[in-house]
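What follows is a structure written as structure tokens; I'll ask about it next.
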Amino acid sequence: MTLSQIHLEGDAHAIGHGLGVFGRDAVHMHLRPLALWQHLTSLAQTSAALQMRQAVQTAFPRYWREIEGLAAGLQLPLDEVFMWNCRGDFVLQQSVDGCTTLFGPAGGDTLIAHNEDGYPQLRGSCAFAHVKPESGLAFSSFVYPGSLPGHTLAVNECGLVATVNNIRPASIPAGIPRQVLGRATLDARTLQEAVATVIRTDRAGAFHHTFGQAGNNQVVSVEASAEGSAVREVQRPGGHSNHLIAPSLEQVQQRITASSDTRQRRVDQRLKQLHGDLSTDAALDILRDTSGGHLPVYRTAADDPDDENTLATGIFRISASAVEWRIYTKPDTNRPDLEGVVLSPLSNS
């Protein structure tokens with residue numbers, strides 16, 4: 001499978017509409033029939049959903065316009081599309097996106113590497129989108145049909161890299177949807193601005209974020225939930241799957257799936273064997289690990305217990321002058337499907 005590319009530009013509604021047109025067939029065929037989609041739609045008029053809708057309209061009107069455009073492009077009711085973009089903001093047994101991330105020093109640079117895990121039926125239906133909005137920053141992001149960008153893997157024109165992992169809290173208040181906050185990070189001009197965006201206390205669902213930026217030798221790992229956040233500057237190679245691991249967040253009740261637990265343990269074990277910094281080859285090798293039996297790091301099973309497969313792997317090498325990015329969809333080659341470079345703004349001056 002080769003990952004398709006789409007190029008979008010215009011105002012917020014036009015960006016959303018383009019995403020909707022791109023994802024329309026896959027959403028109607030694969031997502032709208034899901035019990036999860038139908039259940040979320042049934043919650044659209046609840047007080048929590050209405051409160052979340054108002055919060056987005058007030059705090060992020062431009063992203064609300066993207067959602068309106070997305071619904072128009074999908075040719076679906078706005079309520080349904082908004083609720084799908086809130087699928088991680090309600091406590092549900094159904095899993096909603098997985099992922100595994102590696103991060104750390106890389107021979108004088110820094111490196112962020114990420115497995116994007118999602119519904120197996122969406123293999124071949126996702127894209128890498130290059131977006132130039134009239135307002136806000138240009139960015140490139142892995143995108144799912146029916147969803148805003150910003151909750152997968154991405155890099156913006158300021159050389160900010162952002163990757164995201166699903167977290168499953170046992171309790172989620174009504175607040176700003178986590179995918180909307182993820183979208184907001186793509187407009188962050190600095191690493192510090194991105195962190196501030198996701199640790200706000202009026203959020204709903206939880207995510208793990210990894211941020212890095214060209215011209216900045218920091219990599220920051222952020223576990224962000226409504227009950228508290230943990231921000232850690234990375235000093236050595238590390239990894240993260242789909243549950244909170246920071247000691248300061250032990251009080252946050254969460255659901256840890258067998259896959260998430262096994263992947264975290266395997267990544268930690270592989271990193272202990274590294275004896276040095278990360279490299280592209282080492283990161284790919286760890287993220288393609290299949291030694292976990294029916295719970296591997298690289299997920300391809302039709303009967304995956306979380307109903308997720310690895311759809312793409314992104315490698316971002318971040319230096320003082322640029323971000324070099326590569327996207328892979330096949331686990332048996334070191335040749336990327338897509339690659340590119342984003343120069344640091346300082347390099348353009």
Side-chain angles (χ1 to χ4, degrees), residues 86-104 112-118 150-153 161-182 184-185 191 194-212 218-272 286-287 292 295 297 299 304-308:
C86 297
R87 59 190 181 273
D89 300 298
F90 294 86
V91 178
L92 303 166
Q93 284 301 304
Q94 297 99 324
S95 186
V96 280
D97 310 331
C99 308
T100 308
T101 307
L102 302 178
F103 38 79
I112 298 174
H114 179 84
N115 274 355
E116 184 57 40
D117 297 347
H151 64 103
T152 57
L153 54 93
V161 174
T163 66
V164 179
N165 294 341
N166 179 35
I167 302 292
R168 305 174 178 93
S171 176
I172 303 175
I176 297 176
R178 65 182 193 171
Q179 287 185 207
V180 172
L181 293 177
T185 66
L191 189 152
V195 172
T197 296
V198 300
I199 64 173
R200 53 191 295 163
T201 58
D202 59 349
R203 65 178 298 134
F207 268 146
H208 170 262
H209 302 263
T210 306
F211 298 119
Q218 290 179 300
V219 172
V220 179
S221 170
V222 184
E223 295 181 331
S225 79
E227 296 182 63
S229 297
V231 181
R232 179 171 64 91
E233 183 180 343
V234 175
Q235 303 293 340
R236 59 183 60 86
H240 206 286
S241 57
N242 301 120
H243 57 278
L244 303 171
I245 58 175
S248 63
L249 297 179
E250 287 180 345
Q251 81 284 359
V252 179
Q253 298 297 307
Q254 61 178 324
R255 184 166 68 93
I256 303 174
T257 68
S259 172
S260 183
D261 182 61
T262 302
R263 282 182 284 120
Q264 186 69 56
R265 292 174 186 274
R266 183 56 178 159
V267 164
D268 290 344
Q269 181 184 38
R270 290 292 306 272
L271 288 172
K272 287 180 181 178
I286 295 171
L287 289 178
L295 299 172
V297 174
R299 308 159 77 182
D304 181 273
D306 292 348
D307 195 22
E308 293 164 358

Testing the basics here: between Ala184 and Thr197, what is the closest heavy-atom pair and its distance to 0.1 Å?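 So the minimum-distance heavy-atom pair works out to CB-CG2, 3.6 Å.
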What pairs meet the ring-ring contact (aromatic ring centres under 6.0 Å, His included) rule with one or both residues in residues 162-181, with sequence neighbours excluded?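 For residues 162-181: none.
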Suppose we screen for side chain to side chain donor-acceptor pair (under 3.5 Å). Which residues come up paired with Asp117, at least two apart in sequence or across chains?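 Side chain to side chain donor-acceptor pair (under 3.5 Å) list for Asp117, sorted by chain: Arg299, Thr310.
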Only distances under 3.5 Å count here; give the side-chain donor-acceptor pairs of residues 261-269 to other protein atoms, sequence neighbours excluded, each with its distance to 0.1 Å.
| from | atom 1 | to | atom 2 | distance (Å) |
| --- | --- | --- | --- | --- |
| Asp261 | OD1 | Arg265 | NE | 3.2 |
| Asp261 | OD2 | Arg265 | NE | 3.0 |
| Thr262 | OG1 | Ala258 | O | 2.9 |
| Arg263 | NE | Ser259 | O | 3.4 |
| Arg263 | NE | Ser259 | OG | 2.9 |
| Arg263 | NH1 | Cys99 | O | 3.0 |
| Arg263 | NH1 | Thr100 | OG1 | 3.0 |
| Arg263 | NH1 | Asn242 | OD1 | 3.1 |
| Arg263 | NH2 | Asn242 | OD1 | 2.7 |
| Arg263 | NH2 | Ser259 | OG | 3.4 |
| Gln264 | OE1 | Ser241 | N | 2.9 |
| Gln264 | OE1 | Ser241 | OG | 3.2 |
| Gln264 | NE2 | Gly239 | O | 3.1 |
| Gln264 | NE2 | Asp268 | OD1 | 3.2 |
| Arg266 | NE | Asp289 | OD1 | 3.4 |
| Arg266 | NE | Asp289 | OD2 | 3.1 |
| Arg266 | NE | Ser291 | OG | 2.8 |
| Arg266 | NH1 | Gln269 | OE1 | 2.4 |
| Arg266 | NH2 | Asp289 | OD2 | 3.1 |
| Arg266 | NH2 | Ser291 | OG | 3.1 |

Quick check against the 3.5 Å criterion: does Glu223 have a side-chain atom that pairs as donor or acceptor with the backbone of Ile245? yes
Pair up each side-chain donor or acceptor in residues 198-207 with any protein partner under 3.5 Å, not counting sequence neighbours, and list the distances.
| from | atom 1 | to | atom 2 | distance (Å) |
| --- | --- | --- | --- | --- |
| Arg200 | NE | Asp202 | OD1 | 2.7 |
| Arg200 | NH2 | Asp202 | OD2 | 2.9 |
| Arg203 | NE | Gly205 | O | 2.8 |
| Arg203 | NH1 | Val198 | O | 2.6 |
| Arg203 | NH2 | Gly205 | O | 3.0 |

Evaluate the side-chain contact (heavy atoms from CB on, under 4.5 Å) criterion for residues Glu227 and Gln253: first the C-alpha distance (whole Å), next the side-chain angles of each, then the deciding distance (0.1 Å), finally the verdict. CA-CA 10 Å; Glu227 296 182 63; Gln253 298 297 307; 5.7 Å; no
Heavy-atom closest contact (Val195 atom, Phe211 atom, distance):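 Shortest heavy-atom contact: CG2-CD1, 3.9 Å.
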Please give me the minimum heavy-atom distance between Glu116 and Leu153, naming the atom from each residue.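 Taking Glu116 first and Leu153 second, the nearest heavy atoms are CB-CD2, 4.1 Å.
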Pairwise side-chain contact, Leu244 with Gln251, heavy-atom cut-off 4.5 Å (strictly under):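 They are not in contact (no side-chain heavy atoms under 4.5 Å apart), so the answer is no.
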Under a 4.5 Å cut-off applied to non-hydrogen side-chain atoms, are Leu287 and Leu102 in contact?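 They are in side-chain contact.
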Is there any ring-ring contact (aromatic ring centres under 6.0 Å, His included) pair reaching into residues 219-265, and which pairs are they, with sequence neighbours excluded?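 Non-adjacent pairs meeting ring-ring contact (aromatic ring centres under 6.0 Å, His included): His208-His240.
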Give the C-alpha distance, both sets of side-chain angles, the deciding distance and a yes or no for side-chain contact (heavy atoms from CB on, under 4.5 Å) between Gln254 and Ile167. CA-CA 8 Å; Gln254 61 178 324; Ile167 302 292; 4.3 Å; yes
Suppose the criterion is salt bridge (charged side-chain N to carboxylate O under 4.0 Å, His left out): which pairs have a residue in residues 232-248, not counting sequence neighbours? none
Interatomic distance, Ser260 atom OG to Arg255 atom CZ [nearest 0.5 angstrom]: 10.0 Å
Test side-chain contact (heavy atoms from CB on, under 4.5 Å) applied to Arg168 and Thr257, step by step: CA-CA 9 Å; Arg168 305 174 178 93; Thr257 68; 3.7 Å; yes
Testing the basics here: between Asp306 and Asp304, what is the closest heavy-atom pair and its distance to 0.1 Å? N-OD1, 2.9 Å
Which heavy atom in His114 sits nearest to a heavy atom in Asn165, and how many Å separate them? CE1-OD1, 3.1 Å
At their closest point, which heavy atom of Thr101 faces which heavy atom of Thr210, and how far apart are they?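 Closest approach of Thr101 to Thr210: CG2-OG1, 3.6 Å.
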